[in-house]
2 protein chains.
Amino acid sequence: MADSGNGEDTRVRLLHAAGDIFSRKGYQGATIRDICRKAKANVAAVHYHFGNKERLYEAVLRHAHEDALSRFPVDMGLSGASTPRERLSAYVRALLLRMLSKGENAWHGALMARELAEPTPMLGRFVDRSILPRMEKLREIVSDILGPGADAALVGLCVQSIVGQCRNYAVARPILVRLFPDLTYDDSGITRLAEHIVRFSVAAMAHYHDRQDEGLGAETAHAIPSRPDSHVRQ
Amino acid sequence: MADSGNGEDTRVRLLHAAGDIFSRKGYQGATIRDICRKAKANVAAVHYHFGNKERLYEAVLRHAHEDALSRFPVDMGLSGASTPRERLSAYVRALLLRMLSKGENAWHGALMARELAEPTPMLGRFVDRSILPRMEKLREIVSDILGPGADAALVGLCVQSIVGQCRNYAVARPILVRLFPDLTYDDSGITRLAEHIVRFSVAAMAHYHDRQDEGLGAETAHAIPSRPDSHVRQ
DNA sequence: ACCTCCGTCAAACAAATGTTTGAAACGAAT
DNA sequence: ATTCGTTTCAAACATTTGTTTGACGGAGGT
């Protein structure tokens, strides 16, 4: 392994540099030359280590995702037996941290937001492999909170209401930092956001739980199919 | 005015074609040649009518925004005297329609989502000129629902919870159509989503309203500054 | 010492892309 | 008919960009 002066492996240097550039410029906007300049590597290095630009992007996406997932696991080290509200709190907090944290590699959230704006063929795999099973966990929590009488359509809508509140702070960051200059995305700020989202959502669902059969079925019918129908294509 | 066979003006043909291409490929991904081929215009036409690619993009953004705003006005033709909940319902419905409608030019939502992922210098102007005053209206509605005792920080958080739920269906559309293949974005589907969001949010805020001074202040303090401080830079 | 594999590097290539140019077509006014 | 301003068109230009090439060099085995 020729080291070229720098102890770090060229491959991981490229991976980190590409994550930064891709997250800021997008796939089309990022140039291999920019990435290699930041990684202090030759332009041919990306071809040697990854094949081409697209496979480099795929590797970056996979790396960023696994990294964020390993740093913020789903249940945040929660003891097995806990109330649904505690589990919801842990879930929301982990989700926010994963999307917003400004750590070593802060580009996970930006990369995902970009995937949403302009889906690559990889998005499908990510949804099936990562997002869907994780969302199933949230569905169980919500189902527990709503009680046994809630139909699956209502559970799906509430899950989206919760995830949507979280996702908002990730995708609308440019708007929010402009609207609220003092809004902080550090650990304590994220904790405060998580607490509000949990309180807001639990209150809403408690209301549903109280008056469960006052004609809600007609409204939510067919809004969302009863099951995600986890079908996998591609 | 040379017509080149097509009765439509070349300028508006370019505007529409560019809106479609930009919304699907992004600013960098869209090529002038693609746009002009779709508009049945010469490549030099964009330089003649708009100057360059960036100014074309700016014109498209402005056109799409004004168009969506004129089709779905803020208060949806609501009579002046109505309950806060009715006003919230109208607001949410108009917001969803603006972001999701698949009409003649359906690219408004996609363009905005892209602006969020990769803000151009134009985003700032849009936030100050359009988003901010509109959100102030929602702030008033929420303030009415929460009652006079709610502090501004709590109002800001609830506003974001509502807008976030709506925005979720716009920015996460690629995920949602995969999770829920039957989720429709037509008028009736949007109405159902709006009804759920309103019911969910009103229930949550009613809960806040009931127990207004049970130590909530400590939680929401400093989470969001008390006022948007609508300062305008640039 | 020789060979081989692996990683790196500068240079070059081919394609794509934003932009420009100069001429031509067309309608309206003189 | 001529002129003038406006609009369109094909062609070309200068850069950029993803990709490839062939050589160089070190590490380790025989």
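We use all heavy atoms of the structure for the numbers below, so side chains are in, but hydrogens, waters and symmetry mates are not. Below, chains carry the letters A, B, ... as their sequence lines are ordered, and counting in each starts from 1. Note that the structure is a prediction, hence the values are computed from the model and not measured.
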Just the rounded figure in Å: distance from P of dG18(D) to CD1 of Ile21(A). 12 Å

Is it true that the side chains of Thr191(A) and Arg93(A) contain a donor and an acceptor less than 3.5 Å apart? yes

Protein-nucleotide distance (Arg33(A), atom CZ; dA11(C), atom C1'), rounded to Å: 11 Å

Looking only at side-chain atoms of Ala44(B), point me to the closest of dT21(C), dT19(D), dT20(D). dT21(C)

Would the distance check show the side chain of Arg87(B) and the main-chain N or O of Ile141(B) forming a donor-acceptor pair, the cut-off being under 3.5 Å? no

For Leu14(A) and dC9(C), what is the distance between atoms CG and P respectively, to the nearest whole Å? 10 Å

I need the NZ-P distance between Lys53(A) and dT20(D), as an integer number of Å. 14 Å

Rounded to the nearest 0.5 Å, how far does CD1 of Ile197(B) lie from CD1 of Ile162(B)? 9.5 Å

Roughly how many Å is it from CG in Asn52(A) to P in dT17(D), rounded to a whole number? 17 Å

From dG18(D), dA10(D), dT19(D), pick the nucleotide closest to the side chain of Thr31(A)? dG18(D)

Just to confirm, is there a sub-4.0 Å distance from OP1 or OP2 of dT8(C) to any side-chain nitrogen or oxygen of His47(A)? no

Closest to side chain of Asn42(B), choosing from dA10(D), dG18(C), dA10(C): dA10(D)

Take the protein atom CZ of Arg55(B) and the nucleotide atom P of dT19(C), then report the distance between them rounded to whole Å. 10 Å

If only side-chain N and O atoms count, and only distance matters, is there a donor-acceptor pair under 3.5 Å linking Thr10(B) with His49(B)? no

Tell me: OH of Tyr48(B) to P of dA24(C), nearest whole Å? 18 Å

Nearest whole Å is fine: how far is dT17(C) C1' from Arg37(B) CZ? 12 Å

Answer with base, sugar-phosphate or nothing: what part of the nucleic acid does Val43(A) contact at a heavy-atom distance below 4.0 Å? base

